[in-house]
Peer 1: 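Take this structure, written in structure tokens, and hold onto it; I'll ask about it next.
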Amino acid sequence: MKILVGYKRVVDYNVRIQVKPDGSGVVSDGVKLSANPFDDIALEEALRLREKGIATEVIVATIGPADCQAHLRNGLAMGANRAIHVVTSDAIQPLTAARTLLKLIEKEQPQIVILGKQAIDDDCNQTGQMLAALWNRPQATFASKVDVTGNAVRVTREVDAGLETIEVDLPAVITTDLRLNEPRFIKLPDIMKAKSKPLETIEFAALAVESGDHLKTTNYAPPAKRSRGVMVKDAAELVAALKTKGLL
Amino acid sequence: MSEREAMEYDVVVVGAGPAGLAFAIRAKQIKPDLRVCVIEKASTVGAQILSGAVIEPEPLNELLPEWGKNPPPICVPAAHDEFWWLRDATRATRLPTPPQMHNRGNFIVSLGALCAWLAPQAEALGVEIYPGFAAAEPFFNADGSVGGVRIGDMGVAKDGSHKSGYTQGIDIKAPVTVLAEGCRGSLTKQLIAKFRLDANSDPQTFGIGIKELWQLPAGRAEPGKIVHSVGWPLDDCTYGGSFLYHLDKDRVAIGFVAGLDYDDPNFKPWEAFQQLKNHARIKPLLEGGTILSAGARAIVEGGYQSLPKCEMPGAILIGDCAGLVNVPKIKGTHQAMRSGMLAAEHIVATNKPEGWDAKLRASVVMKELRRVRNIRPGFRKGFVVGMLNAGWETVTAGFSPWTLRNHADYSSLLKLGTFEEPDRHWIERTLPPRDRLAGVYFASTQHDEDQPIHLKVPDTDICVGRCVTEYGNPCTRFCPAGVYEMVKDENGLRLQINAANCVHCKTCDIKDPYENINWTTPEGGSGPNYQNL
Ligand SMILES: Cc1cc2nc3c(=O)[nH]c(=O)nc-3n(C[C@H](O)[C@H](O)[C@H](O)COP(=O)(O)OP(=O)(O)OC[C@H]3O[C@@H](n4cnc5c(N)ncnc54)[C@H](O)[C@@H]3O)c2cc1C
Ligand code: SF4
């Protein structure tokens with residue numbers, strides 16, 4: 001069984017995001033980039049399924065600029081068998097990502113596709129759902145537990161009301177939640193071994209994907225700054241301050 | 001336990017700073033089939049490098065003659081220099097720029113960004129660079145010589161037990177280990193002690209550098225302008241000064257260096273920097289701007305007299321690990337790169353450390369240090385004597401028949417009650433950040449809280465005992481990230497170490513008066529994530 005993993009590169013979650021002075025986007029040069037944390041979880045789950053003997057091959061795929069290769073090598077160092085890089089210098093939107101991933105599915109015929117529930121840059125939380133619809137296959141989103149049995153997968157989902165367990169037929173799309181697993185550390189010798197693993201590059205244009213980028217971003221703005229606080233000496237002063245603000 | 005995994009190279013370099021990268025590039029240029037690997041504790045190359053930085057380009061011209069065609073992302077030609085004496089929080093007098101501080105032909109860069117730009121060029125030559133892995137300790141051969149480094153384990157819990165993702169660090173073995181850890185390297189410190197490399201030199205001395213990168217309202221920055229100051233907010237007996245470098249895209253780098261040989265245990269270096277920013281001549285520049293990134297890093301100041309022996313069985317020292325900064329110029333990058341390149345030539349030619357120390361001492365690197373050797377120690381006698389002495393040493397180009405001595409920084413603090421606290425005329429300040437915790441936010445520092453504390457304090461009885469009365473716990477003041485706190489709870493007074501905030505500046509390892517703090521490497525990839533410092 002093959003597993004395809006969506007492996008997006010995003011601005012690292014430790015980075016303090018800065019909006020460009022002209023509001024056209026966020027600063028990304030000189031900024032640390034790394035794998036979308038939910039995608040690391042997706043890859044970890046795929047590797048565990050392979051280690052259990054359920055999957056035979058794990059493929060990581062990214063849609064991104066030419067310098068994403070180092071990012072994919074990290075996925076290979078973590079343990080993926082091979083990587084596919086769909087090269088585009090444009091930032092693509094979830095529908096386009098889903099259509100592109102569908103092309104890869106047609107090519108690779110995986111039984112399971114695991115994506116993150118969302119990417120932490122745009123926080124769309126759409127790609128997995130759109131992909132399942134386009135592929136016309138079941139989806140199991142926000143997974144916190146995955147059990148594959150025969151031709152079906154039982155997935156525990158994190159929903160508002162608690163946990164929900166569903167069973168879907170394979171092939172299917174699974175999207176990962178934070179508590180599914182804890183991704184492994186990359187070992188130094190594996191980084192070296194990853195250099196000789198296969199990494200296929202495909203030009204985005206060559207896939208003839210119909211663009212789904214229908215959203216236009218008009219402006220980026222940082223969250224409003226909190227105004228400066230006031231130190232009060234005692235309860236009386238606090239009450240007075242609240243009164244002048246009309247809060248009491 | 002299973003056998004520890006190992007990888008073998010011809011040379012292992014610890015630290016992807018200018019010294020380590022220049023070494024690796026030069027070595028591969030001369031001998032393309034040499035197997036060179038570089039270990040870097042930051043999660044990406046350059047993320048834990050903090051410098052000014054105005055650099056002299058000669059070594060770069062030599063290493064990569066074509067570099068100007070594809071320059072690093074921040075690279076502004078130096079335009080003009082100013083040198084100011086700040087008399088107090090409002091008054092300032094412009095002085096003639098000292099000759100060492102003229103920067104015509106130099107470039108203002110972000111050294112972190114420069115290293116991130118050098119790294120792929122090294123990789124293109126076949127150098128293997130591994131960011132996110134800390135060299136935790138030296139690896140010793142059976143005969144006691146250095147045989148490489150041991151990478152720190154990942155996934156160890158605070159109490160030392162193994163978490164589910166525990167991954168044992170591997171050994172990287174090589175006939176030659178090149179230590180390029182920068183100022184106060186943790187492996188270097190251990191090896192200097194083991195091999196007594198400082199037996200014939202003065203103790204090493206240091207300063208603490210604190211820096212912020214600001215985005216200013218459009219039109220205020222004057223790209224290429226370089227301003228240095230001395231005087232306020234320091235008292236007469238503390239060595240130090242500020243730098244203010246105007247970059248492109250409405251950005252300025254502002255920073256402050258204070259000699260760690262200061263003697264007042266109540267002195268607060270981070271607060272001194274914040275005071276400086278609020279000087280009447282500087283504040284209007286910054287007001288309304290925002291901080292992009294900030295951090296701190298020790299700088300090595302001992303120079304010629306303090307240079308340890310730079311070779312030992314199996315390993316050599318280059319760059320700031322050796323202590324090659326030219327202090328009057330406040331420049332060490334060219335010295336770091338030059339020493340890296342020279343060391344590469346030596347190692348490729350001989351395949352062994354022996355002879356490196358002599359080669360370094362006979363080189364232009366050492367010549368440059370010798371010329372300025374008496375300037376920094378002259379300031380031990382106060383600001384005025386220091387300036388006069390600096391003038392003399394500059395005019396005579398270091399030909400004085402004497403060499404002033406250096407003393408270890410941990411020993412310079414005076415005991416409380418034995419001296420009069422100087423009045424530094426500090427003011428109420430308004431520019432951000434409000435305090436060290438707010439400041440450390442701009443360093444984007446990150447450590448998994450569930451890992452062993454990497455700041456080792458073997459004897460905490462001293463902290464709650466002698467230190468309280470003798471020095472009033474100066475660690476709570478000299479740490480620029482507020483890592484050390486003395487807290488009182490139901491069990492009495494105790495030292496609390498907020499290790500997750502550490503920005504790896506190494507000040508505590510240097511300045512603690514009882515030499516009771518030992519900085520060790522945390523889990524690889526932990527620590528600050530500087531942007532363009
Ligand atoms: C505030 C300040 C201002 C300065 N201004 C200037 C200036 O204007 N011009 C100038 O030329 N110089 C300046 N310098 C000096 C200059 O920054 C240094 O001389 C130079 O960085 C030294 O290079 P290096 O490669 O020896 O060490 P570093 O640049 O310190 O690099 C060492 C690298 O090794 C890594 N490392 C350390 N220990 C380990 C370990 N155990 N395992 C793995 N990795 C490790 C570190 O993360 C780092 O990336 C300044 C320094 C400071 C602090
Ligand atoms: S704990 Fe030590 S190394 Fe870390 S920031 Fe504080 S002084 Fe610097």
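Since the model is a prediction, treat every value here as computed from it, not as a measurement. In what follows, every heavy atom counts, from backbone to side chain, and hydrogens, waters and symmetry copies are set aside. Below, chains carry the letters A, B, ... as their sequence lines are ordered, and counting in each starts from 1.
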Peer 1: Which heavy atom of A:L188 sits nearest a heavy atom of B:F133, and at what distance?
Peer 2: CD1-CG, 3.7 Å
Peer 1: When you look at NZ of A:K197, are more than 12 heavy atoms from neighbouring residues, nucleotides or ligands closer to it than 6.0 Å?
Peer 2: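 Atom NZ in A:K197 is packed in, count exceeds 12.
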Peer 1: Between A:P21 and chain B, which part of the residue has a heavy atom less than 4.5 Å away: side chain, backbone, both or neither?
Peer 2: side chain
Peer 1: Name the member of B:G155, B:G524, B:G169, B:A113 that forms the most heavy-atom pairs with chain A at distances under 4.5 Å.
Peer 2: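 Most heavy-atom pairs within the cutoff with chain A belong to B:G155.
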Peer 1: Contact part of B:M154 toward chain A, heavy-atom cut-off under 4.5 Å: side chain, backbone, both or neither?
Peer 2: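 Both parts, heavy atoms under 4.5 Å.
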Peer 1: Check every N and O of chain A against chain B and note each donor-acceptor pair under 3.5 Å, with its distance.
Peer 2:
{"unit_1": "A:R16", "atom_1": "NH2", "unit_2": "B:L292", "atom_2": "O", "d": "2.5"}
{"unit_1": "A:Q18", "atom_1": "NE2", "unit_2": "B:L292", "atom_2": "O", "d": "2.9"}
{"unit_1": "A:K32", "atom_1": "NZ", "unit_2": "B:S43", "atom_2": "OG", "d": "3.0"}
{"unit_1": "A:K187", "atom_1": "NZ", "unit_2": "B:E5", "atom_2": "OE2", "d": "3.3"}

Peer 1: Quick check for you: among B:I172, B:L292, B:I39, B:I170, which has the greatest number of heavy-atom pairs under 4.5 Å with chain A?
Peer 2: B:L292
Peer 1: Measuring heavy-atom distances to chain A, does B:I74 have an atom under 4.5 Å in its side chain, in its backbone, in both, or in neither?
Peer 2: neither
